[in-house]
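Atoms within each ligand, like the ligands themselves, are counted from 1 in listed order.
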Amino acid sequence: MIKTIGVIGAGTMGNGICQVFAQSGFTVRLFDAAPGAVDRARATIEKSLGKFVEKGKLAAADRDAALGRLHPSTSLDTFADTDYVVEAIYENLDAKRKIFGALDTITRPDVILSSNTSSISITTLGAATKRPGQVLGMHFMNPVPLMTLVELVRGQATTDAAMQTATELCKTLGKTPVEAADYPGFIANRILMPMINEAIFAVMEGVGTPEAIDAVMKLGMNHPMGPLTLADFIGLDVCQAILEVLHDGLGDPKYRPCPLLKRMVAAGQLGRKSGRGFYTYA
Ligand code: NAD
């Protein structure tokens, strides 16, 4: 019986993950290494739940109950009573390996340890534990409370039983799980990032302006957002990092990050978060 969820990392993804578990009735323990991060996450969750209440999609009592199920942790040791863990710290292999090693000693041996990683090998994270069969990828999409997809990534050693448990958990959250194998970029980024990269090559070669390229993909392909608007939203540095993982891991030159993308990242033009990318933001 899964009742208590441990979430590590209280950033963009971690707070959304906590919110959906707490809203679905789970007790949630949230740990972050940075001082104040858990408090900021709680404030973000409160604001997000408040919007659902304003829109009439959530009762005020259910918001209060969800917030009551959220418990800040000051140490990973408090995860000893968790039944399932989702790691959502920043995208760094060494840091994630350390966390998985620590969780392996703190949590019960039957507990599934999952990672929200966008691109790091689940098999490698599993190898940092003595329970690789219980390690899998649980790749939520941003913003977590609104996006229904969860990519469930099966590592080389992940058991069918662990995948089944994660699948059922996703359904309890009202999400749609889709299984992907543990190859660089899984499914979502394997397909999305080359499209974004190609759109950037098209800008570099003068095939079209960013506005023209986004308009073609929105109006002609029915995408809700053009690829360059989406790249600005994700962060151009993040796009470059994921393309490098695809390029290194798959070895095909078709994944090389576009020189214009690299030049913009070097100039600090990272998209929305820096105020400038393919578009400018107030
Ligand atoms: P973020 O930078 O917003 O948050 C990361 C948090 O992890 C920070 O609060 C940081 O203090 C904390 N942290 C770092 N090292 C830690 C440690 N050793 N122990 C505890 N806490 C630690 O990052 P994010 O955008 O939420 O991304 C988290 C993960 O989700 C990454 O693996 C990323 O690839 C993945 N992801 C991100 C998105 C997205 O759109 N942002 C989408 C899907 C998946």
Side-chain angles (χ1 to χ4, degrees), residues 6-21 29-45 48 72-79 82 85-104 106-107 113-122 124-125 128 135-153 170 175 177-178 180 182 184-193 196 225 229-246 249 270-274 277:
V7 178
I8 307 154
T12 309
M13 298 305 288
N15 73 56
I17 293 167
C18 286
Q19 178 177 331
V20 295
F21 275 109
R29 302 207 181 289
L30 174 60
F31 171 73
D32 194 291
V38 172
D39 292 338
R40 282 194 297 277
R42 195 186 163 82
T44 305
I45 293 169
S48 170
S73 294
T74 49
S75 146
L76 260 195
D77 293 334
T78 60
F79 279 39
T82 55
V85 176
V86 186
E87 168 277 313
I89 70 165
Y90 77 128
E91 192 76 339
N92 178 282
L93 174 63
D94 287 340
K96 286 191 195 275
R97 280 174 57 92
K98 270 192 201 130
I99 289 283
F100 273 75
L103 287 168
D104 196 32
I106 292 165
T107 59
L113 306 177
S114 73
S115 174
N116 187 54
T117 180
S118 308
S119 59
I120 287 172
S121 160
I122 296 303
T124 307
L125 296 180
V135 174
L136 53 84
M138 199 177 199
H139 185 206
F140 288 87
M141 304 290 131
N142 184 18
V144 181
L146 301 182
M147 302 291 278
T148 51
L149 175 70
V150 180
E151 246 186 324
L152 285 183
V153 185
C170 288
K175 303 291 185 197
V178 174
D182 186 21
F186 315 132
I187 297 174
N189 283 317
R190 174 80 175 259
I191 294 170
L192 175 65
M193 285 301 156
I196 286 177
M225 198 189 271
T229 303
L230 181 55
D232 274 0
F233 179 72
I234 294 170
L236 300 191
D237 51 340
V238 175
C239 292
Q240 181 180 328
I242 296 173
L243 282 160
E244 279 163 359
V245 168
L246 292 174
L270 307 181
R272 264 177 191 279
K273 63 186 167 190
S274 72

Numbering the atoms of ligand 1 from 1, which are under 4.0 Å from a heavy atom of [X]?
{"X": "Ala88", "result": "5 (C), 28 (C)"}
{"X": "Glu91", "result": "31 (C), 32 (O), 33 (C), 34 (O)"}
{"X": "His139", "result": "43 (C), 44 (C)"}
{"X": "Gly9", "result": "7 (O)"}
{"X": "Tyr90", "result": "5 (C), 7 (O), 14 (C), 15 (N)"}
{"X": "Lys96", "result": "31 (C), 32 (O)"}
{"X": "Ser118", "result": "33 (C), 34 (O), 35 (C), 36 (N), 37 (C), 43 (C), 44 (C)"}
{"X": "Ile99", "result": "18 (N), 19 (N)"}

Check your understanding: Are any non-hydrogen protein atoms located under 4.0 Å from atom 23 (O) of ligand 1?
Key -> no
Heavy atom to [atom], shortest distance: which of [options] holds it?
{"atom": "atom 31 (C) of ligand 1", "options": "Thr117, Ile89, Leu30", "answer": "Ile89"}
{"atom": "atom 30 (O) of ligand 1", "options": "Ile120, Asn116, Asn189", "answer": "Asn116"}
{"atom": "atom 9 (O) of ligand 1", "options": "Ile8, Asp32, Val144", "answer": "Asp32"}

Considering only the protein, which heavy-atom contact is closest to [atom], and what is its distance?
{"atom": "atom 4 (O) of ligand 1", "result": "Gly11 CA, 3.3 Å"}
{"atom": "atom 20 (C) of ligand 1", "result": "Ala33 N, 3.2 Å"}
{"atom": "atom 27 (O) of ligand 1", "result": "Met13 CG, 3.9 Å"}

**Study point:** Ser119 versus Glu91, side-chain donor and acceptor atoms under 3.5 Å
**Key:** yes
Quick check: do [X] and [Y] have side-chain heavy atoms less than 4.5 Å from each other?
{"X": "Leu76", "Y": "Ile99", "value": "yes"}
{"X": "Met13", "Y": "Phe140", "value": "yes"}
{"X": "Arg29", "Y": "Val7", "value": "no"}

Practice item. Could you point out which residue of Asn189, Leu149, Ile122 forms a side-chain contact (heavy atoms from CB on, under 4.5 Å) with His139? Key: Asn189
Polar atom proximity, [X] to ligand 1 (N or O, under 3.5 Å):
{"X": "Ala95", "value": "no"}
{"X": "Phe140", "value": "no"}
{"X": "Glu87", "value": "no"}
{"X": "Thr12", "value": "yes"}

Below 3.5 Å, can you tabulate the donor-acceptor pairs from side chains in residues 231-239 to any protein atom, sequence neighbours excluded?
| from | atom 1 | to | atom 2 | distance (Å) |
| --- | --- | --- | --- | --- |
| Asp232 | OD1 | Phe278 | N | 3.0 |
| Asp232 | OD2 | Phe278 | N | 3.1 |
| Asp232 | OD2 | Tyr279 | N | 3.1 |
| Asp232 | OD2 | Tyr281 | OH | 2.6 |
| Asp237 | OD1 | Lys273 | NZ | 2.9 |
| Asp237 | OD2 | Lys273 | NZ | 3.1 |

Point to revise | Residue pair Ser73 / Phe31: nearest heavy atoms and the distance that separates them | key: O-CD1, 3.5 Å
**Study point:** Nearest atoms (heavy-atom pairs only) where Leu30 meets Ala10
**Key:** CD2-CB, 3.8 Å
**Study point:** Partner residues of Glu244 under the salt bridge (charged side-chain N to carboxylate O under 4.0 Å, His left out) criterion, sequence neighbours left out
**Key:** none
When you measure from the side chain of [X] to the backbone of [Y], do you find a donor-acceptor pair of N or O atoms at a distance under 3.5 Å?
{"X": "Lys175", "Y": "Met147", "value": "yes"}
{"X": "Thr107", "Y": "Asp104", "value": "no"}
{"X": "Gln19", "Y": "Pro145", "value": "no"}

